[in-house]
Enquirer: 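Would you mind keeping the following structure in view while I ask a few things?
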There are 2 protein chains.
Amino acid sequence: MDVRKSGGADRSGGRGAARQPRATQADRRARTRAALLESAARGLSRYGYGNLRLEQVAQDAGYTRGALYHQFTGKQELTLAVTEWVLDTWWQEVGVLVERAPDPVAALLTLARGHAVYCRRDIARVAMALRLEFAGQDHPVGRAIEQGYRDLLDRCTALIEAAREGGAIPDGPDGPPAGTLALAFVGAIEGTSIALSGHAPHDAPLVARAAAGALGLTYDPGEHPAPDRTAHRRTTRRGTS
Amino acid sequence: MDVRKSGGADRSGGRGAARQPRATQADRRARTRAALLESAARGLSRYGYGNLRLEQVAQDAGYTRGALYHQFTGKQELTLAVTEWVLDTWWQEVGVLVERAPDPVAALLTLARGHAVYCRRDIARVAMALRLEFAGQDHPVGRAIEQGYRDLLDRCTALIEAAREGGAIPDGPDGPPAGTLALAFVGAIEGTSIALSGHAPHDAPLVARAAAGALGLTYDPGEHPAPDRTAHRRTTRRGTS
DNA sequence: TAACATACATACATGGATGTACGTAAGAGC
DNA sequence: GCTCTTACGTACATCCATGTATGTATGTTA
């Protein structure tokens, strides 16, 4: 009921992010929101939606459930925000590289390697965990995830069709349709990336090899240099003290 | 499995499985247990452990929670029983084929194709769903799943090492260790199999291609004939009378 | 058919997580 | 300075799923 404030520690509201003695409201709000989003992403990645406890999310971010409910209407909206954030991040880090690729095959293999690098973070499994958890349901979170997945599949399908027309991907008479190939391609990338999470630097080339195999190509590592800059370090630890 | 031989409607207790007017207690018990296990496997595959509702499990099997708690001590034991059942089934259907393979590479590719075929059923995702859900936790179910997964990885690692010694799998100086390759191999298989679930007959060759790619080989479909007998039909629909 | 055990249903108790209402401190405009 | 709004914590209410206790019908054995 009463919170003593005499001790000099812990000003500027939450202690999840850096503390500035003179923070504007918008700053506080943005920092708190970011901390909660990151914590929720980590939690969703580890435990999934159903097992996620908002008390734990808030505590990991350095707040209480009160702060969380002040920023989000509830668990669902929080998860939707995390979803949007993760998809945006993916696009900024991986999608951009794919767009710059000179040809369809290079784009597909860049996608594979880029996703492997992206998955080095602990939030990697958010998308897959939510997609599995809500598969076949009719839940807003499931729809959002499924929409992102469908976009990715469409893009891969288009790239595969282009590569087939150019003769870069073999296309026998009884070969699978491009959409099925895209499913296999994305599935191979996701499965391998998650399995190899935490096994850099072998992750990227192995994921690319599996993805290339699904497409019916042989992967030449020299042909397309790895996109790995430095291993990602964000969202791995939260600042304490 | 079910032979009704008399017109009497709905005797012998539960109506989930076949009904026999003169069923012995052991028969009733076994049938009920099987129906509950199958229903639970389907539920776990779709919703995972946390989101699984025992009321729904019992109802889908044609019983109430009372029957479930009479056969199992609770959710955990039920899930452990499902886990054991799924792993046993996998071994009987896939593991046997792998053991019969003439050489390590054939064994690995047989494993890939066999798993794809195994995943045509709707209980395919049980193992992966539980493994993701309990990853990093210390839960009995997680331990059981992890144990099965570790056995699989060990076996694949041994096969990969044997294939490398025989020169069948390339092994460069800075190539990944066999354990890492096994992770990639299994991950590629799991991801591709789940993504292609419901896309027969392309599933098996595509999974094999992705798995072969992870190993650094090119997959020749003619070299190892597909193991697909007929598509599995068990555990796909429940009788509703 | 009398007694006992088993299979299963029904009703109740409990706990844990969500969501809501309310209270307090701190920024923002005057 | 005063007032309003925002950020956040605390306490309460509610719901839902599990687990348990009890009741009933059916097999089983004498």
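Here is the naming used below: chain letters follow the sequence lines, and residue numbers restart at 1 for every chain. Because the structure is a prediction, the values reported are computed rather than measured.
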Enquirer: In whole angstrom, what separates Tyr63(B)'s OH from dT26(D)'s P?
Expert: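 Distance, rounded to whole Å: 15 Å.
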Enquirer: Tell me whether the OP1 or OP2 atom of dT28(D) has a side-chain N or O from Thr24(B) closer than 4.0 Å.
Expert: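 Checking dT28(D) against Thr24(B), a side-chain N or O does come within under 4.0 Å of OP1 or OP2.
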Enquirer: Classify Leu36(B) by what it touches in the nucleic acid, base, sugar-phosphate, or nothing, heavy-atom distance under 4.0 Å.
Expert: nothing
Enquirer: Please determine whether any donor N or O and acceptor N or O are separated by less than 3.5 Å between the side chain of Arg65(B) and the base of dG19(D).
Expert: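 Flag set: donor-acceptor pair detected.
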Enquirer: Counting only pairs under 3.5 Å, give me each side-chain donor-acceptor contact of residues 147-158 of chain B, with atom names and distances, residues two or more places apart or in other chains.
Expert:
from, atom 1, to, atom 2, distance (Å)
Gln147(B), NE2, Asp151(B), OD1, 3.1
Thr157(B), OG1, Leu153(B), O, 2.7

Enquirer: Using a strict cut-off of less than 4.0 Å between a Lys/Arg side-chain nitrogen and an Asp/Glu carboxylate oxygen, indicate whether Arg121(A) and Glu93(A) qualify as a salt bridge.
Expert: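 Yes, charged N to carboxylate O under 4.0 Å.
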Enquirer: Can you list everything that forms a side-chain hydrogen bond (donor to acceptor under 3.5 Å, both in side chains) with Glu146(A)? Sequence neighbours excluded, please.
Expert: none
Enquirer: Which of residues 69-78 of chain B have a heavy atom under 4.0 Å from DNA chain D?
Expert: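 Close to the strand are Tyr69(B), Gly74(B), Lys75(B).
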Enquirer: Can you find a side chain N or O atom of Arg28(B) that sits less than 4.0 Å from OP1 or OP2 on dA7(C)?
Expert: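 For dA7(C), neither OP1 nor OP2 has a side-chain N or O of Arg28(B) closer than 4.0 Å.
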Enquirer: For Arg33(B) and dT6(C), give me the distance from atom CZ to atom P, rounded to whole Å.
Expert: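 My rounded result for the distance is 16 Å.
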Enquirer: Could you say whether Ala26(B) or Gly50(B) is positioned toward the 5' end of DNA chain D, judged by the nucleotide with the nearest heavy atom to each?
Expert: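 It is Gly50(B), whose closest nucleotide lies nearer the 5' terminus.
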Enquirer: With a 4.0 Å cutoff (strictly under), does any side-chain N or O of Thr64(A) reach OP1 or OP2 of dT10(D)?
Expert: no
Enquirer: Can you measure Leu54(B) atom CG to dT18(D) atom P for me and round it to whole angstrom units?
Expert: 4 Å
Enquirer: Once you round it to whole Å, what is the distance between C1' of dC15(D) and CD of Glu55(B)?
Expert: 15 Å
Enquirer: Does Ala144(A) have any side chain to side chain contact (heavy atoms under 4.5 Å, CB included) partners at least two apart in sequence or in another chain, and if so, which?
Expert: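 Only Leu80(A), Thr83(A) meet the side chain to side chain contact (heavy atoms under 4.5 Å, CB included) criterion with Ala144(A).
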Enquirer: Might you confirm whether atom CZ of Arg29(B) has over 12 heavy atoms from other residues, nucleotides or ligands at distances under 6.0 Å?
Expert: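 More than 12 within 6.0 Å, yes.
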Enquirer: Rounded to the nearest angstrom, tell me the gap between atom CZ in Arg29(A) and atom P in dA28(C).
Expert: 14 Å
Enquirer: Which whole-number value in Å describes the distance from Leu68(B) CG to dC8(C) P?
Expert: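 Value for this atom pair: 11 Å.
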Enquirer: Would you tabulate the side-chain donor-acceptor contacts of residues 180-192 of chain B under 3.5 Å, counting partners in other chains and residues two or more places apart, or write 'none'?
Expert:
from, atom 1, to, atom 2, distance (Å)
Glu190(B), OE1, Arg131(B), NH2, 2.6
Thr192(B), OG1, Ala188(B), O, 2.5

Enquirer: How long is the line joining OH of Tyr49(A) and C1' of dA17(C), in whole Å?
Expert: 12 Å
Enquirer: Check the distance between dG27(D)'s P and Arg31(B)'s CZ and give it to me in whole angstrom.
Expert: 14 Å
Enquirer: Could I get the full list of salt bridge (Lys or Arg N to Asp or Glu O under 4.0 Å) partners for Arg143(A), not counting sequence neighbours?
Expert: Asp138(A)
Enquirer: I want to verify a distance call: between dT18(D), dC8(C), dA17(D), whose nearest atom is closest to the Ala67(B) side chain?
Expert: dC8(C)
